[in-house]
Each structure stands twice: as structure tokens, then as C-alpha cells.
**Q** 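Dumping the structure here so I can ask a few things about it.
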There are 2 protein chains.
Amino acid sequence: MINRPVERLSAPLLADHLHDRLVEAVIFGDLPAEARLVEDSIAEQYGVSRSPVRDVLRKMEAEGLLTREGAKGLNVAPISRRDLDEVYLCRIPLEGIAAAEAAVNRSPDGVEALEAIYARMREAQQAGGVRDYFLANVAFTDAIHAAARNATLVRLLGGLSKQAQRYRYAAYTMFPHLMDLSVEGSRKIVDAIAETDADRARSVTETLIKQSWLTIRDCFHD
Amino acid sequence: MINRPVERLSAPLLADHLHDRLVEAVIFGDLPAEARLVEDSIAEQYGVSRSPVRDVLRKMEAEGLLTREGAKGLNVAPISRRDLDEVYLCRIPLEGIAAAEAAVNRSPDGVEALEAIYARMREAQQAGGVRDYFLANVAFTDAIHAAARNATLVRLLGGLSKQAQRYRYAAYTMFPHLMDLSVEGSRKIVDAIAETDADRARSVTETLIKQSWLTIRDCFHD
DNA sequence: CCGACGCATTTCGCATACCGTATACGAAGC
DNA sequence: GCTTCGTATACGGTATGCGAAATGCGTCGG
């Protein structure tokens, strides 16, 4: 065997670790769009068997990160403006609902968690750490989803948010000023949720995501 | 081996066949809510190995038909009004978008296909065949999704529609008059799409689904 | 020089076997 | 009699091997 394992995975639930690694690799572009993925190669690289790899690849397919090329293997999903538009067409109303539900089911703990993550976002923004900002921003989104207390909604957003994160990370890298827009909008979202104002939470969320969309769109004018 | 296979599956893509069978069983209630599913037993029943069974169960989990009980196995997802509300909260805007996009991307073939399925729905309604009506109605929904020409939207709806179908079938069985409401609303949807009126397509779709929701809700007042 | 057939390779689908863990039941001790 | 510990068992996670379908390439014939 020529290829040494890139990194040996630790014991508990190989598949979960592997999933995280591969998702990261796709979102951050280490695995470029259209890259071919072969079960055997991945298994060999990470020093595991094909079984967990199969599970992971199927899951990532469901998350929209991979596309199946007929009888051949899987590819990293292509990046395109068309795809971006598809994702955001769905994402806008769903994130709006999540914010509205988070406001309806508002809890002191939930708001506190949001404030904490918002603080992380501000710090990263002022430090100019694009990757740190991105990670905090993802956590912020996840916290709102969790606060919505709606398992079905979370499940659906799970099949969309990973796909969206690819575009978001790329956009933050290209247009760091997008962080300003994001911080400003997030402030409004936290306030609306804290005040239990579901309609305003929905509308500021939808507005923010629409604006982000238009900005990101400029990066991918195929 | 004591248990004879319930039914032996044919060759091409065992997993797909198995998936269809199990999804059917859940939607039509042959596998009741909360029923425990064990990989070994399913494999034995259908005369296949655990590998395809695992794939299928994971897929059905993503479709919201099964829930994972921690380290233990999978159960058929519970039926509850709470769950119904969650599903429809997401389904209303997504189906609305699908109808609107179907109108935007209107094609003569697409409209023709919708009309054909609509005719099937009418026939089944007048014959009083609840199951036939249900099947035609599902086909109608799928045709609109396909006509929207949006892979991401189809993927998301795929993670929701199966779950919704459980409630829809149960509701048609209990309230056959729901068919009248459905036929009437579907007529309006086809017309709006045929006229390329996206806004009207969205609004009549959302109205129909909301009305269905309220009707179904009466069946599941936990 | 071009096209068609056939072989080798790639890659996935499915089967089978093993292992670790979590649960439940029974026995032993307090 | 109740609690607790150990063992048996059931189940999912993982490893591995085999076979079939599709693809690409090379060669042979026109």
C-alpha cells in the first residue's frame, strides 16, 4: 500500500468523525467542486473499511454536498449560480420560519446562548478572522434552528444548510465586508427573538438572507 | 432458518425495491407507528442481507418515516398532531414555491401531464376509490415538483412528502369528503400553472394545503 | 484512417463474518 | 427481600470478499 492514511480516526463512531472531516473538506474547498470520490480510496485514506464510508457518502448525498453520477461514482456537487439560486429560494422561507418559531418558543437560556454566539461573531469580525467568523456564524444559525424546537424543520434545514455553507464560506473569503452586513442583521434577529416578535424575526431574517444572497451571487456569475 | 421470506425481491437494485416496500408499509399503516425495526429481522423477512437494509433504513430516517432511538434500533416515527403541525408548517411554503416555479417553467408537456393525472384523480374520486385517489394525488404532487425543475427543492420535498403522505392517506380514509376539497383545489392549481401565473399558483396551492391541514388536524387531536 | 468489437479495469452492490457495547435477567450477598 | 454485580444475549458498527455492470482502451478489420 503506497498511500499512508492521511489521519487515523479515533474509535467512537468512525462514521461520524469521517462525516465531519469530509463535510469540512467540501465546505472549505479542500475537496474542489466536481472532484471524484471513490469509496475505496476514501476508505484507504482514512484507514477504515468501506462500510462507514458508504454510510457517510450517502448522508452527504442527502445533504446536497455530493451528486451521484449514474452507475459511476460520486462527485462533489458543482458550484453554480443556478444551484445557489435553488438553495436560497428554499432557504429564505425556511430560515424565516425557524426565526419566527424561535421567537415563539423563546427561552431565557436560548436568548443567552444567541447573545454569546453573537459576541463571538463580533469579536471575529473585528479581528478580521474570516474562518472564525464563519464558524461562529454557522453556530448562530444552528442555535436558531435549535431554538425553534421543531424536529422536522431542523431535519429539512440540515439537508440545505451544509450546501449553503459552501457558498457562504466562499463569499466571506471573497467579500469580507459581508461580515458587516451579517453582524448587523444578526443583531436585529436576536432582538426580535428576545422580544418574542415572531413576525419581525421572520422578516429581518428573510431580509438578511436575501441581501446575503444578492452579494454572494456576484461571486458566481457563471 | 425457520421464517420463510415474506416475499423474495427481484434482482435490479434490491435496495430500491425494498425501500418502496417498506415506505408503502409505513404510509399505509401496515407497519404501525412506534413499531420497532431490527435490521436482522427485515433482512431475513425479505431474504436479503443487512447491507441493503441498512441503506434503506437510513434513507427512510432521512425521509422522516423512522426515528433513531439512540444506541438502540429504529422505530416507525410516531404519529401526533405536534408532528403533523411541524410537517405542514414546512410543507406549505415549499409546495407553494414548487407550484410557483412550475408556473414559471411551464411547458405544454408538463401541463398535459398534470391534466392527465388530474383526470385520474377525478375518476377515482367519482368511483370512491380512496386508495386510487390517494395514489393519483401523490402522483399529482410529484408531477408539480418535477415541473418546478429545481433539484434542491425536489430533494427537500423528498424529505417531507413521505412523512406527509402518512397523514394524507389516513385522513382520506377517515374523511373521504377531503377528496372533494382536493379535486377542487387541484383544478385551480393546474389552471394557474397553465396560465403561467406564478403568484396565483402559489396562493391557491398554499390555500389548499392549509385547508387540508386543518381537516387532517381534526383526526389527530392528541 | 476510421469504426467496431472485445478485453481489462474500475467501482459499486450485496453477502457474510466479527466485534464492541448496551440491556436485561438471574444469582449472590447484604 | 432488596440491591448489586456478573453474565448472557441481542443488536448495530465495522471489516472483508465476491460478483456484476459500466467504462475506457487497445486492437483488429474495413
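Lettering of chains follows the sequences in order, A, B, ..., and the numbering in each one begins at 1. The structure presented is a predicted model; accordingly, all values stated were derived computationally and were not measured.
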**Q** Round to the nearest Å and state the distance from B:Asp55 atom CG to D:dT14 atom P.
**A** 14 Å
**Q** Could you state the CD1-P distance from B:Ile42 to D:dG12, rounded to the nearest angstrom?
**A**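 After rounding, the gap between these two atoms is 9 Å.
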**Q** Of the nucleotides D:dT14, C:dG13, C:dT16, which has the atom closest to the B:Ser49 side chain?
**A** C:dT16
**Q** How many whole angstroms separate atom CG of A:Leu74 from atom P of C:dT10?
**A** 18 Å
**Q** With a 4.0 Å cutoff (strictly under), does any side-chain N or O of B:Arg58 reach OP1 or OP2 of D:dG13?
**A**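 Checking D:dG13 against B:Arg58, a side-chain N or O does come within under 4.0 Å of OP1 or OP2.
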**Q** Grab the CD-P distance between A:Glu39 and C:dG13 for me, whole Å please.
**A** 6 Å
**Q** Side-chain N or O of A:Arg50 less than 4.0 angstrom from OP1 or OP2 on D:dG13?
**A** no
**Q** Both A:Gly73 and A:Ser51 contact DNA chain C. Taking the nearest nucleotide for each, which residue is further toward the 5' end?
**A**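 Checking each residue's closest nucleotide, the 5'-ward one belongs to A:Gly73.
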**Q** Roughly, in whole Å, what's the span from NE2 in A:His19 to P in D:dG13?
**A**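 Rounded to whole Å, this separation is 15 Å.
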**Q** Under a 4.0 Å threshold between the charged nitrogen and the carboxylate oxygen, would B:Arg217 count as salt-bridged to B:Asp85?
**A** yes
**Q** Measure CG/B:Leu57 against P/D:dG13 and give the value in whole Å, please.
**A**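 Spelled out: CG on B:Leu57 to P on D:dG13 is 10 Å.
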**Q** Using a 6.0 Å distance limit plus a 45 degree cone around the ring axis, check whether A:Arg120 lies over the aromatic ring of A:Phe140.
**A**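 No, A:Arg120 does not sit over the ring of A:Phe140.
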**Q** If you assign each of B:Leu37 and A:Pro52 to its closest nucleotide in DNA chain D, which residue comes earlier from the 5' end?
**A**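 It is B:Leu37, whose closest nucleotide lies nearer the 5' terminus.
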**Q** If only side-chain N and O atoms count, and only distance matters, is there a donor-acceptor pair under 3.5 Å linking A:Glu69 with A:Asn75?
**A**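 Judged by distance alone, the side chains do pair up.
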**Q** Using the six-membered ring of A:Tyr167, assess whether NZ or CZ of A:Arg81 lies under 6.0 Å from its centre and within 45 degrees of the ring axis.
**A**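 Pair A:Arg81/A:Tyr167 does not count as cation-pi.
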**Q** Would you indicate, yes or no, if C:dG13 has its OP1 or OP2 atom less than 4.0 angstrom from a side-chain nitrogen or oxygen of A:Arg54?
**A** yes
**Q** Return the value, rounded to whole Å, for the distance between atom CG of B:Leu18 and atom P of C:dG13.
**A** 15 Å
**Q** State whether a side-chain donor-acceptor pair under 3.5 Å links A:Ser212 with A:Tyr88.
**A**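 Not at all, the side chains of A:Ser212 and A:Tyr88 share no donor-acceptor pair under 3.5 Å.
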**Q** Whole-Å distance between D:dG13 P and A:Lys59 NZ?
**A**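 Value for this atom pair: 11 Å.
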